Amino acid sequence: MPTVVLMDVSLSMTRPVALEGSEEFQRKNLAIHGLTMLFEHMATNYRLEFTALVAFSSLWELMVPFTRDYNTLQEALSNLEDYDKTCLESALQGVSNIVQQEWGSSCPCQVVLVTDGSLGIGKGSLRHSLSTMRHRGDDKKFPLPFPFPAKLYIMCIANVEELQSSDNLESLEQLLTLNSGGGQIFTMEGPLCLKSVQSMFGKLIDQAYTPFHAVLRCGNLSSDVQVFPRPEPVVIDEEVEPIPRTILTDLEIVGFIEIGDISSPPVLSRHLVLPIAVNKEVDEVGAGTTEDTEEDTSANQIAGKSPNFCVLLHGSLKVEGMVALVQLGPDWYGMLYSQADSKKKSNLMMSLFEPSPEPLPWLGKMSQLGPTSDAKENPYGEDDTKSPFPLQPKNKRSYAQNVTVWIKPSGLQTDVQKILRNARKLPEKTQTFYKELNRLRKAALAFGFWELLKGVAELLERECTLLPDSAHPDAAFQLSHAAQQLKLASTGDSQYAAFDHNITPMVTDFSGGERERM
């Protein structure tokens with residue numbers, strides 16, 4: 001999940017802050033100190049995080065494009081210059097352009113806005129942008145919400161009292177509401193000093209940049225891993241009282257399946273899985289893509305000489321063309337697989353399915369899957385030419401049947417006219433007449449369209465009175481019988497309005513024996 005740091009370099013950031021026992025500091029110096037702390041943490045714990053640095057005042061500038069080199073980012077911080085007034089809208093538009101050019105509109109991103117809370121004055125200020133956003137054309141829309149999934153974290157080099165006195169806190173809160181992707185406003189507690197800014201950025205790190213460590217198990221084998229980025233809690237909308245569900249720190253592999261059988265399933269999120277001890281030996285196998293620093297190379301090399309289940313799993317999945325099904329929690333599953341990052345490198349990835357005992361319908365319930373050795377016959381055949389998937393549903397799906405749907409009045413009129421045409425050709429069209437009649441009856445019962453049943457019954461009674469003298473005697477009996485059955489069904493009585501019940505032809509002396517029941 002890439003990060004964009006949006007640094008305010010307007011004149012208001014140069015306001016002095018008195019620190020005891022030291023030279024005079026500016027608010028910009030406090031912001032740089034907090035960002036240095038963040039970059040050092042990411043360099044240690046989030047080595048694979050791509051981060052960009054953008055500076056803004058009335059204009060914005062990309063100081064450092066997306067990189068994993070945190071030394072370059074810290075060097076750029078120390079070279080920031082001071083500019084003029086704050087114009088946050090153009091800076092947010094710049095962030096939107098940068099992320100879309102590099103990652104597209106589907107990649108989640110985190111935006112860290114560092115400002116002193118002074119949001120500009122007059123035209124171009126945040127207050128002016130928010131007051132005019134509803135009166136603009138599509139070509140000048142406000143940049144929030146971002147066109148990609150994004151969390152917005154606002155780091156204020158100011159305390160709550162200062163923001164509330166200027167009413168700027170309300171404008172910042174409105175930014176979070178407009179983004180609708182989550183995030184938080186962080187303010188400094190107590191006096192503006194190094195300790196306060198460290199505490200504030202520490203809270204950001206705890207919330208957004210804490211590594212997720214877990215143990216990956218398969219039988220007697222296990223490996224300590226880091227899941228990157230940290231999986232977010234999932235809320236199931238269908239639950240009466242939804243409770244956020246988080247994945248367990250003990251990930252159990254429950255089985256393996258061929259890539260072709262699982263295809264491209266819908267997933268909630270994708271994550272990189274790395275063994276805790278990552279070194280160059282591991283990187284050559286393809287389980288990670290980080291490089292070592294001089295300080296930790298020796299420790300990692302010692303750990304790398306030990307067998308690692310995560311490396312073994314990644315290599316096996318890559319060679320065999322399979323995925324591992326992993327249990328994330330009660331009735332919650334995901335899959336581990338190898339994904340190529342380039343021609344020479346690949347990563348062990350984990351995708352999370354929707355929490356459900358049956359997240360992929362074509363596989364059936366996950367708990368009912370078992371090893372092929374338990375089957376009487378090899379479900380893949382002796383030469384692996386067939387597959388037991390997808391499973392065929394027990395009940396025929398509604399979209400596989402000829403369902404009656406009336407979108408326009410003309411459709412209903414056509415179905416009624418078809419019944420009347422067959423009614424005028426009784427008894428030759430008896431079977432077709434009852435087939436069409438039952439089709440209309442089932443649709444009317446499904447929609448609760450009782451008036452339709454009563455109306456068609458009246459039409460059939462009218463047709464009975466209009467029969468010519470030359471008409472077969474059986475026609476009158478069948479029309480009266482059908483009309484009576486429709487009237488009974490229109491009452492809603494369960495005895496006559498059962499959906500699975502079919503109206504059958506009336507057996508008469510003129511029918512020449514009992515007719516075939518439908």
Side-chain angles (χ1 to χ4, degrees), residues 1-10 13-14 25-57 59-83 86 88 91-103 107-116 146 148 150-157 183 186 194 197-211 226 228-230 272 274 278 288-296 341:
M1 186 183 296
T3 295
V4 179
V5 174
L6 191 57
M7 177 67 177
D8 186 351
V9 291
S10 62
M13 288 288 286
T14 64
F25 259 51
Q26 298 177 351
R27 298 195 183 213
K28 185 178 76 170
N29 300 130
L30 293 180
I32 291 174
H33 181 78
L35 286 175
T36 300
M37 172 182 169
L38 175 63
F39 290 156
E40 288 175 352
H41 171 81
M42 295 171 70
T44 304
N45 300 283
Y46 268 62
R47 294 182 179 182
L48 300 183
E49 179 76 273
F50 282 96
T51 305
L53 177 62
V54 177
F56 78 97
S57 55
L59 302 175
W60 63 272
E61 180 183 357
L62 178 61
M63 304 299 294
V64 180
F66 285 103
T67 181
R68 290 173 174 167
D69 186 352
Y70 289 96
N71 291 328
T72 302
L73 289 165
Q74 294 192 49
E75 183 179 346
L77 281 179
S78 61
N79 295 327
L80 288 175
E81 299 181 4
D82 304 323
Y83 292 90
T86 303
L88 191 53
L92 293 173
Q93 186 61 58
V95 170
S96 179
N97 296 339
I98 292 169
V99 173
Q100 288 186 90
Q101 289 174 6
E102 186 75 22
W103 305 100
C107 179
C109 183
Q110 298 191 128
V111 179
V112 179
L113 168 62
V114 184
T115 180
D116 63 339
F146 289 117
F148 46 85
K151 289 191 174 184
L152 177 60
Y153 297 102
I154 302 176
M155 314 301 294
C156 294
I157 310 300
F186 294 89
L194 294 177
V197 80
Q198 288 174 357
S199 174
M200 182 177 67
F201 275 87
K203 292 177 182 178
L204 171 67
I205 289 171
D206 291 341
Q207 179 166 333
Y209 295 98
T210 302
Q226 177 180 344
F228 175 88
R230 187 181 184 88
L272 182 65
L274 291 171
V278 181
T289 55
T290 59
E291 295 183 1
D292 297 312
T293 60
E294 294 180 0
E295 289 80 1
D296 60 5
D341 194 22

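Computed from a predicted structure; not experimentally measured. In what follows, every heavy atom counts, from backbone to side chain, and hydrogens, waters and symmetry copies are set aside.
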Below 4.5 Å, heavy atoms only, C-beta onward: do [X] and [Y] meet side chain to side chain?
| X | Y | value |
| --- | --- | --- |
| Leu35 | Leu73 | no |
| Met200 | Ile157 | yes |
| Met42 | Thr3 | yes |
| Asn71 | Phe39 | no |
| Phe228 | Pro211 | no |
| Lys28 | Asp116 | no |
| Leu113 | Phe56 | yes |
| Phe25 | Leu194 | yes |

How close do [X] and [Y] get, counting heavy atoms only, and between which atoms?
| X | Y | result |
| --- | --- | --- |
| Gln207 | Phe186 | OE1-CZ, 3.9 Å |
| Pro2 | Phe66 | CB-CE2, 3.7 Å |
| Ile205 | Met37 | CD1-CE, 4.2 Å |
| Asp69 | Thr67 | N-OG1, 2.9 Å |
| Thr115 | Met13 | C-SD, 4.0 Å |
| Leu62 | Ala52 | CD1-CB, 4.3 Å |

Which distance, rounded to the nearest 0.5 Å, do you find between the [atom1] of [X] and the [atom2] of [Y]?
| X | Y | atom1 | atom2 | result |
| --- | --- | --- | --- | --- |
| Asn29 | Thr14 | CG | OG1 | 10.0 Å |
| Tyr70 | Leu53 | OH | CG | 12.0 Å |
| Met155 | Met7 | CE | CE | 12.0 Å |
| Tyr46 | Thr210 | OH | OG1 | 6.5 Å |
| Ile98 | Trp60 | CD1 | CH2 | 4.0 Å |
| Leu38 | Leu77 | CG | CG | 9.5 Å |

_Donor-acceptor contact below 3.5 Å, side chain Glu102 vs main chain Pro65_ =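 Such a contact is absent between Glu102 side chain and Pro65 backbone.
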Notebook entry, point to check: Is a side-chain N or O of Ser96 found less than 3.5 angstrom from the main chain of Leu92, in a donor-acceptor match?
Noted result: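 Answer holds: no.
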For a quick check under 3.5 Å, do Asp8 and Ser10 share a side-chain donor-acceptor pair by atom type?
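A donor-acceptor contact under 3.5 Å links the two side chains.
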Exercise. Looking at His41, Gln110, Arg230, which one forms a side-chain hydrogen bond (donor to acceptor under 3.5 Å, both in side chains) with Tyr209?
Worked result: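 Looking at His41, Gln110, Arg230, the match for Tyr209 under the side-chain hydrogen bond (donor to acceptor under 3.5 Å, both in side chains) is Gln110.
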Point to revise | Candidate pair Phe146 and Val95, rule side-chain contact (heavy atoms from CB on, under 4.5 Å), full reasoning | key: CA-CA 9 Å; Phe146 289 117; Val95 170; 4.2 Å; yes
Would you find more than 12 non-hydrogen atoms of other residues, nucleotides or ligands less than 6.0 Å from Glu75 atom CD?
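Open: at most 12 neighbouring heavy atoms sit under 6.0 Å from CD of Glu75.
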